[in-house]
Amino acid sequence: MIRFWLKKFIIPIAVALAVFVIADHDAWLYKEPVAEIVSLTSQTKPAHTDDYGNRDQQVNQTLELRLLNTPQKGKEVSLPNTVMKSQVTGQIYRQGQKILLRQTGSGFQIIGQKRDAVMLALLTLFIGLLIAFVRFRSSALLLLSLGLNLLYFIGAIALDIQLASSLAILIFSLLGVLFVASSLAFVLGLSRQMLYSFFATILTCLLTFGLAAGVLALTGNNGVHFEYLNYVTQNPSEFFFVGAIISVLGAIMDGTGDIMAGLFGMERQALDFSRLDYFKSGLSIGQEIIGTLTNILFMIFMAETIPLSVLLLKNGNDWSYIGTVALNLGLLQTLISAIGIVLAVPVTAGLASLLLGRARA
Amino acid sequence: MNSLLLLLIILVILMLLVSKKEGLRNLFGLFINLLLVFLMISLMSWGFNAIIVLAVSAVLILAVAIFMSAEDNETTNIAFKTSLIVLASLLLLAMLLQHFGQFQGFAIEDTEELEELSLAVGINFSNLAIVVMVISSLGAVAEAAMALVASLGEVVEQDGKMSLADFQSQRQTISTQILGTAINTLFFGLLGSSVGLILWFVRLNYHLSEILNSKLLMADLASMLLGMLGILFAIVLAGYFVENEFKKNAKV
């Protein structure tokens, strides 16, 4: 029992903690100045009421910093930090935190908190637990697949920057195909199951985006506000589709993968199944996951909009305005994804019944 | 005609065609969850403690997501039990992450969006960051648990004479595959939603150190990793529960 806990939990957690401590002291890796908050004084001003009757307090901090790298290592500087207690922007600092600075002439300016240690520790914890609970070979393949996908992604970004986004949709669609092929090959190996899942995913994607583009063209983008897309450096509507293609692809691949996994499980059991049986079983598995898959996407999209929705509500806006500004594009993407997930069920079940049924006969 | 409305109509028709009665129930479930999320956001904006509101609404959202999406009692019970345990551990982990990572609120990249808004709203945005992390992994947890229980159940149902060894090998195969695809979904979700931000960073010549410590990108990454951990816990726990059930049935 102790060995079970040791192997499954204690070792991964211990390794994650070690990574945290090491990464917390990696300031020497940085070219930009990093400093530790040695001490600080905080002063909270009396409550202040804004135009909408919200009461908040301003916090004025003076941070005593010691530089941890660059030739000025060891130098002590003092910097002010002003933030509202609600921390809508900025943050209230604590003693011992490490922050990134930017040199401005003779002085320094705060860029933000150093977050690499906590992120690396979290990543390590995930990898450790994955290896503890899943066969080593499978988890190593999965991690390798994620790493490769990240590399393709960086490649696509670089290409997009090179071409000044003139072919953004094409580049990122090809990236999508590469993602699907590579991920499925790593999870399933170069098997029939992988090949069928690949075709089902691509077919569903084409149908979904064909349908979505058709609807948008037919209605002339009526009620869609591409202008509210965040962080836009190029054509917003094109850019919406780049993000949507990548996100939706994952969800469709997920649905297709689950259904194919179930059907191939039945084939492995060597049950005497007709095409119709496969189709029905596929639909039956699919029906159980449609709801939860749409829920996943819906939850991710809603979660991301919570801070902005709260802020807009507190600024005296009503839900219809929030719907236009904060929820519009997320809703569009969720609808497209949901249509994709639903379409994936008959497409996958149909394809599997045709191919598995014939292989049997 | 409004594009969103037309897409919604198409979605409803497709759902009804593909999963008939269940489709209707799914849509009803989504609608209830939409209301729950609106209610949750409203309660938070009225100043209720965000963590308590989160805990209560998360349980309700999971219940709706799971019980509204499948009829089979055994499947949904195991999935729900699993999700609740996972939810509790994710909530603790999210609070820990927020303490060290400080992912709250908006960043300098959001300046345009925040123009003309009052930022002194008196709501604890640090708690909202925890809410975002937990809510965004909720769906993935429920999905992973459901998918595993449903697929395993389907296999068992098709073969009444299955041995425990057969069952365990099926459990392992299906677990690994669902884990793989679900984790990929979250990963692509992150890439898709942050592709704009990443291009922004590259175009505006951010230093690598700024990108890797950026509040916005790291908050998304934290949500994603939390979701992946949730999927892992859910698959392991749900598989354990189904196996217990299988052993019990085999003895009878």
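In what follows, chains carry the letters A, B, and so on, assigned in the order in which the sequence lines appear, proteins first and then strands, with residues in each chain numbered from 1.
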In terms of heavy-atom proximity below 4.5 Å to chain A, should [X] be classed as side chain, backbone, both, or neither?
X: B:Met40; result: side chain
X: B:Leu128; result: side chain
X: B:Leu152; result: neither
X: B:Val132; result: both
X: B:Met68; result: neither
X: B:Val236; result: side chain
X: B:Ile61; result: side chain
X: B:Phe106; result: both
X: B:Leu114; result: side chain
X: B:Leu186; result: side chain
X: B:Ala120; result: both
X: B:Ser223; result: neither
X: B:Glu112; result: neither
X: B:Leu190; result: neither

Evaluate the side-chain proximity of [Y] to [X]: yes if any heavy-atom separation is below 4.5 Å, no if none is.
X: A:Glu304; Y: B:Ser136; value: no
X: B:Val195; Y: A:Phe239; value: yes
X: B:Val18; Y: A:Val345; value: yes
X: A:Asn222; Y: B:Leu6; value: no
X: A:Leu313; Y: B:Trp46; value: no
X: A:Tyr30; Y: B:Asn213; value: yes
X: A:Leu311; Y: B:Leu119; value: yes
X: A:Phe298; Y: B:Leu34; value: yes

Just so I understand: if I count every heavy-atom pair under 4.5 Å between each of [options] and chain A, which residue has the most?
options: B:Asn124, B:Ile41, B:Leu5; answer: B:Ile41
options: B:Met162, B:Gln102, B:Met15, B:Met1; answer: B:Gln102
options: B:Leu197, B:Ile178, B:Leu216, B:Val202; answer: B:Leu197
options: B:Ala129, B:Ser209, B:Gly189, B:Gly47; answer: B:Ser209
options: B:Glu210, B:Glu109, B:Gln172; answer: B:Gln172

Could you have a look at [options] and say which one has the most heavy-atom pairs with chain B under 4.5 angstrom?
options: A:Leu150, A:Leu188, A:Val310; value: A:Val310
options: A:Met260, A:Arg55, A:Gln91; value: A:Gln91
options: A:Ile306, A:Ile300, A:Val248, A:Leu122; value: A:Leu122
options: A:Lys114, A:Gln333, A:Lys31; value: A:Lys114
options: A:Leu263, A:Ile161, A:Thr305, A:Leu184; value: A:Ile161
options: A:His48, A:Gln57, A:Arg94; value: A:Arg94

If you compare all heavy atoms of [X] against all heavy atoms of [Y], which two are closest, and at what distance to 0.1 Å?
X: A:Asp254; Y: B:Ala182; value: OD2-CA, 3.6 Å
X: A:Lys314; Y: B:Ser45; value: NZ-O, 3.0 Å
X: B:Phe188; Y: A:Ser183; value: CZ-OG, 3.6 Å
X: A:Gly223; Y: B:Leu4; value: O-CD1, 4.1 Å
X: A:Val118; Y: B:Gly101; value: CG1-CA, 3.9 Å
X: A:Asn221; Y: B:Ser3; value: C-OG, 3.4 Å

Does [Y] offer a backbone N or O that forms a donor-acceptor pair with the side chain of [X] under 3.5 Å?
X: A:Arg115; Y: B:Phe100; answer: no
X: A:Asn315; Y: B:Leu117; answer: no
X: A:Asp56; Y: B:Val121; answer: yes
X: A:Lys85; Y: B:Gly122; answer: no

Checklist entry - Are the charged groups of A:Asp160 and B:Arg203 less than 4.0 angstrom apart, N to O? => result yes

Checklist entry - What do the steps show when you test A:Phe126 against B:Leu226 for side chain to side chain contact (heavy atoms under 4.5 Å, CB included), and what is the final call? => result CA-CA 8 Å; A:Phe126 170 66; B:Leu226 204 64; over 6 Å; no

Checklist entry - Is it the case that B:Gln104 and A:Gln87 place a side-chain donor and acceptor less than 3.5 Å from each other? => result yes

Checklist entry - Does any heavy atom of chain B fall under 4.5 Å from the side chain of A:Tyr52, the backbone, both, or neither of them? => result side chain

Next on the checklist: side chain to side chain contact (heavy atoms under 4.5 Å, CB included) for A:Arg268 and B:Gln170? Distances and angles first, verdict last.
Outcome noted: CA-CA 9 Å; A:Arg268 278 195 300 275; B:Gln170 284 282 1; 3.6 Å; yes

Nearest-0.5 Å distance, [atom1] of residue [X] to [atom2] of residue [Y]:
X: B:Met44; Y: A:Ser309; atom1: CE; atom2: OG; value: 11.0 Å
X: A:Met253; Y: B:Asn184; atom1: CE; atom2: CG; value: 4.0 Å
X: B:Ser126; Y: A:Ile92; atom1: OG; atom2: CD1; value: 8.5 Å

Checklist entry - Step by step, would you call B:Glu113 with A:Val325 a side chain to side chain contact (heavy atoms under 4.5 Å, CB included)? => result CA-CA 10 Å; B:Glu113 199 171 33; A:Val325 174; 5.7 Å; no

Item to check | Output field: ring centroids B:Phe201/A:Tyr231 closer than 6.0 Å | outcome: no

Checklist entry - Passes side chain to side chain contact (heavy atoms under 4.5 Å, CB included), A:Phe264 versus B:Thr173? Steps please. => result CA-CA 11 Å; A:Phe264 268 83; B:Thr173 314; over 6 Å; no

Checklist entry - Do the rings of A:Trp319 and B:Phe38 sit parallel, tilted or perpendicular, given the 30° and 60° boundaries? => result tilted

Checklist entry - Should we say atom CD1 of B:Ile9 is surrounded by more than 12 heavy atoms from elsewhere, each under 6.0 Å from it? => result yes

